Amino acid sequence: MADNPEGIVSIHGKQYQTVAYRIATFREKHPEWCVMTEVVTADDERVVVKATIANELQHVIATGYAEEVRGSTNINKTSALENAETSAVGRALAFFGLAGTEIASADEVANA
């Protein structure tokens, strides 16, 4: 990300930050905090994942959810669970305050 030190990607005139950048910033600023993910639903049709950010005392700071429909995109044909997890983490980090100008991440918008 040397060319883009803030992890910002412009899509359709809006500024989105990548999940990878959000995670790196989070880890740098809060190494004692954690990001936990939980599969809420996973069946043949869809996947729902919840991400939770907690501080060192395990107090919940922020959460984010994401849903993916299996087979709805090329990536969701093989990786709907992984895609939902990444989106949920990105949303939780955005609600925590690590975002571009949008809650959705560049990864979410690019895959939509």
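No experiment lies behind these values; they were computed from the predicted model shown.
- Relative orientation of the His30 and Trp33 rings is parallel, given thresholds of 30° and 60° on the angle between their planes.
- Note that the CD atom of Glu67 and the CD atom of Glu45 stand 10.5 Å from one another [nearest 0.5 Å].
- Contact of the Phe26 side chain with the Ile53 side chain is registered, since non-hydrogen atoms from C-beta on lie closer than 4.5 Å.
- In this structure the side chain of Asn83 reaches within 4.5 angstrom of the side chain of Glu68, judged on heavy atoms.
- Here the side chains of Gln58 and Cys34 are in contact, with some heavy-atom distance below 4.5 Å.
- For the pair Phe95 and Thr63, the minimum side-chain heavy-atom distance is 4.5 Å or more.
- Using modelled atom types, one side-chain atom of Arg70 and one backbone atom of Asp43 make a donor-acceptor pair closer than 3.5 Å.
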Report task. Check the pair Thr37, Val89 against side-chain contact (heavy atoms from CB on, under 4.5 Å), reporting the backbone distance first and the verdict last. Result -> CA-CA 8 Å; Thr37 60; Val89 169; 3.6 Å; yes

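- In this structure, the separation between OG1 on Thr52 and NZ on Lys50 is 4.5 Å, given to the nearest 0.5 Å.
- Each of Leu81 and Val35 belongs to its own hydrophobic cluster when Ile, Leu, Val, Met, Phe, Trp and Tyr are linked at side-chain heavy-atom distances under 4.5 angstrom.
- Looking at Val49 and Val40, their side chains never come closer than 4.5 Å, going by heavy atoms from C-beta outward.
- For the residue pair Ala54 and Met36, the shortest heavy atom distance occurs at CB-CE, 3.8 Å.
- Between Ala66 and Ala88, the shortest heavy-atom distance links the atoms CB-N, 3.5 Å.
- We find the OH-OG1 distance between Tyr65 and Thr41 to be 10.0 Å, quoted to the nearest 0.5 Å.
- Between the side chain of Ser79 and the backbone N or O of Glu82 there is no donor-acceptor pair closer than 3.5 Å.
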**Report entry** Derivation of the side-chain contact (heavy atoms from CB on, under 4.5 Å) call for Asn76 and Val69
**Finding:** CA-CA 7 Å; Asn76 283 346; Val69 176; 5.6 Å; no

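- The two atoms that bring Ala92 and Ala62 nearest to each other are O-CB, 3.6 Å, heavy atoms only.
- The shortest distance between side-chain heavy atoms of Ile23 and Leu93 falls below 4.5 Å.
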